[in-house]
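Predicted model only: the values in this text are computed from it and were never measured. Indexing begins at 1, ligand by ligand and atom by atom, following the structure's order.
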Amino acid sequence: MAKKVVLGIESTCDETGVAVVRGDELLGQCTATSMDQFERYGGIIPEIASRAHLESFLPTLDQALQDAGVTLDEVDALAVAAGPGLVGSLTVGICAAKTLSATLGLPLYGVNHVIGHLAVDALVDGPFPERFIGLVASGGHSNLLLIEDIALSVRELGGTLDDAAGEAFDKVGRLLGLPYPGGPHVDRLARQGEPDAITFPRGLAHAKDRYPYDFSFSGLKTAVGRYLAANPLPEEDREDDREQAVANICRAFSESVNDSLTAKAVQAAKDFDCPTIVVGGGFAANSRLRELLVERADQAGVEVRFPPMKLCTDNGAQIAALGSALAEAGAPPSPMDFGPRTAMDLSQTYVA
Ligand code: KG4
Ligand code: ZN
């Protein structure tokens with residue numbers, strides 16, 4: 001039987017994404033972002049993000065259909081991010097999806113955006129193994145999941161007790177006076193830092209039994225703040241010394257975050273006898289995460305799959321990919337009365 005054509009819509013935060021897939025094949029996509037409007041605020045302003053979705057939706061839809069070379073008549077099913085995310089942003093995507101569903105008479109899946117960050121990997125690396133560990137790391141999430149079926153069986157093993165990995169990078173970036181979002185800057189500078197110049201603590205290091213698969217990064221951020229208070233950065237006129245001092249802090253900080261993420265992901269793969277770890281979310285861009293996870297997973301005989309960068313940050317393909325998995329599994333569509341789920345349980349792959 002021919003695979004279904006699924007159109008996915010993503011509007012959880014600052015990206016408006018639309019994509020079209022057929023089975024595991026990405027036919028086309030388009031993403032617009034309002035991130036450039038937030039640099040001066042140092043954070044996302046939900047009201048501005050919602051308005052940007054409203055303006056971007058139709059052009060993004062048109063562009064994605066054109067990129068895919070399909071018309072709306074050829075679409076078999078729709079998927080939209082139901083949550084978790086910002087309520088105003090989610091509402092725009094959900095209203096658009098319901099309008100398309102009602103006018104075209106198409107089934108609609110309201111899917112979990114976080115699970116989508118992993119589902120998207122099937123579009124590039126092929127079908128998933130029977131069971132695998134998912135590591136989702138982004139500005140809003142840091143979670144370890146045990147997945148037996150991306151559409152129907154996802155179990156949350158653990159997650160951050162406070163800040164997400166990307167959020168912690170952004171906050172430390174701010175402490176160091178780097179532009180928003182700080183994550184990529186901290187990552188770049190960390191590579192120039194001297195090894196072992198500074199050591200920061202590992203979150204939950206003393207609570208491994210109680211929190212085997214959880215993370216905590218806010219104490220680490222405080223440790224960076226304390227270090228800066230005790231060791232002020234060299235003045236601006238000593239540019240090279242200042243840059244090296246910042247780089248050393250970034251390196252030690254990045255080492256701490258990535259040590260926790262990778263050690264626990266590999267431990268979960270061993271504990272649950274999983275041959276594969278799939279990584280997703282914007283933080284998957286982090287160069288040290290990629291390096292250290294592959295190194296540690298290799299040692300444990302575990303394979304690591306990373307989607308390409310373009311598919312790690314929020315996009316329509318992650319939503320279409322999960323919608324497609326649901327359609328292939330024969331899951332019944334979501335009821336038409338579902339609303340935005342600002343918090344959505346990770347074991348819930350979609351609104352059933
Ligand atoms: O998944 P995403 O696009 O948005 C959310 O859903 O949160 O992730 C964005 C987050 C931001 O916190 C950003 O600073 C972080 O991912 N990020 C990075 C890197 N690239 C993006 N953090 C560390 N290193 C990077 N190279
Ligand atoms: Zn995301």
Undergrad: Looking at non-hydrogen atoms alone, which of Ala284, Gly173, Gly282 comes nearest to atom 8 (O) of ligand 1?
TA: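 Comparing heavy atoms across Ala284, Gly173, Gly282, the nearest one to atom 8 (O) of ligand 1 lies in Gly282.
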
Undergrad: Which of the listed options, Asp314, Asp170, Ile44, Asn315, holds the heavy atom that is closest to atom 14 (O) of ligand 1?
TA: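 The option holding the nearest heavy atom is Asp170.
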
Undergrad: Does NZ or CZ of Arg131 lie under 6.0 Å from the centre of the six-membered ring of Phe272, at an angle within 45° of the ring axis?
TA: no

Undergrad: Under 3.5 Å, is there a donor-acceptor pair linking the side chains of Ser347 and Glu156?
TA: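 Not at all, the side chains of Ser347 and Glu156 share no donor-acceptor pair under 3.5 Å.
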
Undergrad: Indicate the ring-plane relationship of Tyr227 and Phe200, choosing parallel, tilted or perpendicular according to the 30° and 60° boundaries.
TA: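 Because their plane-to-plane angle is over 60°, the rings of Tyr227 and Phe200 count as perpendicular.
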
Undergrad: Looking just at side-chain N and O atoms, do Thr71 and Glu74 make a donor-acceptor pair shorter than 3.5 Å?
TA: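 On atom types as modelled, these side chains qualify, holding a pair under 3.5 Å.
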
Undergrad: Would you please indicate if the ring centroids of Phe169 and Phe253 are separated by under 6.0 Å?
TA: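 When the ring centroids of Phe169 and Phe253 are compared, they turn out to be within the sub-6.0 Å range.
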
Undergrad: Any nitrogen or oxygen of His113, main chain or side chain, under 3.5 Å from a nitrogen or oxygen of ligand 1?
TA: no

Undergrad: Using distance alone, determine whether Gly281 and ligand 1 share an N or O pair under 3.5 Å.
TA: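 For ligand 1, there is no N or O atom that lies under 3.5 Å from one belonging to Gly281.
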
Undergrad: Check whether the side chains of Ser254 and Asn258 place a donor and an acceptor atom closer than 3.5 Å, and report yes or no.
TA: yes

Undergrad: How about Asn248 and Gln244: does a side-chain donor come under 3.5 Å of a side-chain acceptor?
TA: yes

Undergrad: As an exercise, identify every atom of ligand 1 less than 4.0 angstrom from a heavy atom of Phe283.
TA: 16 (O), 22 (N), 23 (C)

Undergrad: With 2.8 Å as the limit, jot down which protein N, O or S atoms are around the Zn ion (ligand 2).
TA: His113 NE2, His117 NE2, Asp314 OD1

Undergrad: Taking the non-hydrogen atoms of Cys13, is any one of them nearer than 4.0 angstrom to ligand 1?
TA: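 Flag not set, Cys13 not near ligand 1.
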
Undergrad: Decide whether an N or O pair under 3.5 Å exists between Phe169 and ligand 1.
TA: no

Undergrad: Relative to the ring of His113, is the ring of His117 parallel (under 30°), tilted (30 to 60°) or perpendicular (over 60°)?
TA: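 Taking His113 first and then His117, their aromatic rings stand perpendicular (interplane angle over 60°).
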
Undergrad: Decide whether Asn315 and Thr31 meet the rule of one side-chain donor and one side-chain acceptor closer than 3.5 Å.
TA: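 On atom types as modelled, these side chains do not qualify, holding no pair under 3.5 Å.
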
